[in-house]
Engineer: 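Supplied in structure tokens, the structure appears directly below.
Just so you know, residue 1 is the first one in the sequence shown, and it goes up from there.
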Amino acid sequence: MRNLVLVLGDQLNADASALDGFDARRDALWMAEVAEESEQVWSGKPRIAVFLSAMRHYRDARRAEGQTVHYVELDEPANTGSLAGELERAARSLKPERLVVTEPGEWRVWRVLEDAAQRLGLPLEIRGDRHFYASIADFKEHTLGRKQLRLEFFYRELRRRERVLLDKHGEPEGGQWNFDHDNRGSFSKSGPSGLRSPAAFNPDATTRAVLALVERRFPKHPGKTDAFDWPVTPAEARRALEDFIKHRLADFGTYQDAMWTREPWLYHSRLSAAMNLKLLDPREVVNAAEAAYRAGRVSLASAEGFIRQILGWREYVRGIYWHFMPDYVERNALGAREALPAFYWNGETEMACLRDAITQTLELGYAHHIQRLMVTGLYSLLLGVDPRRVHEWYLAVYVDAVEWVELPNTLGMSQYGDGGVMASKPYAATGKYIQRMSNYCAGCRFDPAKSTGEDACPFTTLYWDFLMRHDRMLAANQRMALQVKNLARLGDKERAAIRARADEIRRNGGAPGAASQASLL
Ligand SMILES: Cc1cc2nc3c(=O)[nH]c(=O)nc-3n(C[C@H](O)[C@H](O)[C@H](O)COP(=O)(O)OP(=O)(O)OC[C@H]3O[C@@H](n4cnc5c(N)ncnc54)[C@H](O)[C@@H]3O)c2cc1C
Ligand code: SF4
């Protein structure tokens, strides 16, 4: 055998660079399901199932095309359970001249493959990942000579280079790059109207076998498999895209930041897992959104707001990850040391917003951006949870979690652990933000306006406590000036009461007080 082409679980695009020059007579593909990838962090069942099902469908599609795929299933008796173990086992029996792979999406996996190749004495060719608009080198070049990195500049560069949403003079369509200020809507008291369920994909025989396997092998892992309806093939992913463009993109911009009890999808695309596993090319997604705008079917604000997430944020966070790893994962700029509250793993809390966001996360493997940033992320930030523990939770529970995208979003954007690389200031807010953007507070026994007292909203208590704990550092940040100034309005007595309640929440494992916990039982 000439090349053994390694295909990882998040590299399921048939046109990946690792397959360039593939010669079916001399080359073969290799894939392995290994328990280590589900146990490294305590992965949720929906996440494990999405990966395994999409991998098996990819295997079957390549075999149907006549390619040889050496595939190790999770429950094969000889499976060592580790990526390195399986690769070494395969290479020793197949004796390829060379290993070929597309750039992995995780630093750890990159190291594992390099080390395994070295032990085997085989050359390992790592090829660039064409799935992304920007290469790792493009991002490096963007950073040259810049004191501060910001999404906006990188996004504009890519829009110009890729000629996305430009007018005939090569300037941004509509005369501005960014329509973010139009994208802050919330729902009236009656809630979202006319919502349609997004395209759902009934598990086929392959997926059903995977769901049974996940329940058998990982029974104690968080989450459920009975609501599984994620796209797991390129054809399904394309149908999910069409459904989104047709039925939800028009309202995406306006309600991008809004939340509503037991409405997990609202106007979001739920395309992240399909893109991260590379069932769907981001160009196809961006082009479809631009075409909908050009055809007059959606507003510029909606199309731009959506495209910015993909051509902007998605590319930018990948750049940040590879630019700052491996030490990025160790960062903890706020010196946060608390444990992650136990209710993150079961959703059992009186706080209505957290209960809804976590329950939905565990059941579906999904929460939208503002639930991740301004509910679960905000609470752990204010409580002072060690960002590494927060990162492990996010990496475990979401179907779209791959480290290159999850880590900068969690440790950087939501926990400010990187000290301002991803976000210019911590995303700190009181419960009133959640009240404004959702109906959660209407069904909660706490009052978002209160920071002390038995019914004080824990977010609000912890917000003021957070400002007090970090006042010096925050005062040096101009963008936090107003928030820190408001702190001066608190009298000594109020400060002491807030501190006492925040301490009590911490002593109680991050939950609002033993008394109120007791009422749960
Ligand atoms: C703490 C935290 C952790 C996150 N972890 C992940 C993760 O593991 N994997 C992941 O794909 N996204 C992650 N995100 C980003 C974002 O929340 C998800 O991409 C989005 O919620 C996926 O749902 P959707 O496909 O319906 O997205 P939509 O709201 O419909 O957005 C469209 C697409 O834009 C992209 N996108 C949007 N926001 C971001 C962002 N901040 N970074 C990168 N891409 C973005 C995604 O590909 C998404 O599919 C995280 C955000 C936060 C705050
Ligand atoms: S009152 Fe506080 S805890 Fe309750 S839903 Fe609102 S923000 Fe969440």
Engineer: Does R248 count as lying over the ring of Y267, i.e. NZ or CZ under 6.0 Å from the six-ring centre, within 45 degrees of the axis?
Structural biologist: no

Engineer: Taking the ring centre of each residue, are Y321 and Y328 less than 6.0 Å apart?
Structural biologist: no

Engineer: Could you list the residues that satisfy side-chain contact (heavy atoms from CB on, under 4.5 Å) with A289, not counting sequence neighbours?
Structural biologist: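 In terms of side-chain contact (heavy atoms from CB on, under 4.5 Å), with neighbours along the sequence ignored, A289 is linked to I245, L249, F306, I307.
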
Engineer: Between R389 and E338 (salt bridge meaning N to carboxylate O under 4.0 Å), is one present in this structure?
Structural biologist: no

Engineer: For the pair E290 and R294, find out whether any cationic side-chain nitrogen is under 4.0 Å from an anionic carboxylate oxygen.
Structural biologist: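 Yes, charged N to carboxylate O under 4.0 Å.
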
Engineer: Given Y366, which partner from the list F228, Y398, W265 fulfils the ring-ring contact (aromatic ring centres under 6.0 Å, His included) test?
Structural biologist: W265

Engineer: Check the pair T349, R355 against side-chain hydrogen bond (donor to acceptor under 3.5 Å, both in side chains), reporting the backbone distance first and the verdict last.
Structural biologist: CA-CA 6 Å; T349 168; R355 187 172 62 233; over 6 Å; no

Engineer: Are W230 and F51, when compared by the centres of their aromatic rings, separated by less than 6.0 Å?
Structural biologist: no

Engineer: Donor-acceptor check, side chain of Q11 to backbone of T102, threshold 3.5 angstrom: yes or no?
Structural biologist: yes

Engineer: Apply side-chain contact (heavy atoms from CB on, under 4.5 Å) to S186 and list each qualifying residue two or more places apart in sequence or on a separate chain.
Structural biologist: M437

Engineer: Tell me whether the rings of Y316 and F139 are parallel (<30°), tilted (30 to 60°) or perpendicular (>60°).
Structural biologist: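 If you compare the ring of Y316 with that of F139, the planes turn out perpendicular.
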
Engineer: Once side-chain hydrogen bond (donor to acceptor under 3.5 Å, both in side chains) is applied, do any residues pair with D229, and if so which ones, sequence neighbours excluded?
Structural biologist: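 R270.
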
Engineer: Any chance you could lay out the salt bridge (charged side-chain N to carboxylate O under 4.0 Å, His left out) test for E152 and R308, step after step, and finish with the verdict?
Structural biologist: CA-CA 9 Å; E152 193 58 31; R308 181 162 12 103; 5.2 Å; no

Engineer: Is any side-chain heavy atom of H142 closer than 4.5 Å to one of E157?
Structural biologist: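 Side-chain contact under 4.5 Å: yes.
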
Engineer: Apply salt bridge (charged side-chain N to carboxylate O under 4.0 Å, His left out) to the pair E242 and R239, showing each step before the final yes or no.
Structural biologist: CA-CA 5 Å; E242 281 161 19; R239 266 173 45 216; over 6 Å; no

Engineer: Establish, yes or no, whether a centroid distance under 6.0 Å links the rings of W404 and W107.
Structural biologist: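 Distance test on ring centres: not under 6.0 Å, no.
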
Engineer: Can a donor-acceptor pair be found, under 3.5 Å and without considering hydrogens, that links the side chain of N79 to the backbone of D75?
Structural biologist: no

Engineer: Could you measure the distance from the CD atom of E284 to the CG atom of L271? Nearest 0.5 Å is fine.
Structural biologist: 10.0 Å

Engineer: Let me confirm one number: the CG-CD distance from L354 to E348, rounded to the nearest 0.5 Å.
Structural biologist: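 So the gap between those two atoms works out to 13.5 Å.
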
Engineer: Dump the intermediate steps for salt bridge (charged side-chain N to carboxylate O under 4.0 Å, His left out) on R318 and D138, then the final yes or no.
Structural biologist: CA-CA 11 Å; R318 178 169 182 262; D138 286 342; over 6 Å; no

Engineer: Taking the ring centre of each residue, are W322 and W110 less than 6.0 Å apart?
Structural biologist: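 Centroid distance W322-W110: below 6.0 Å, so yes.
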
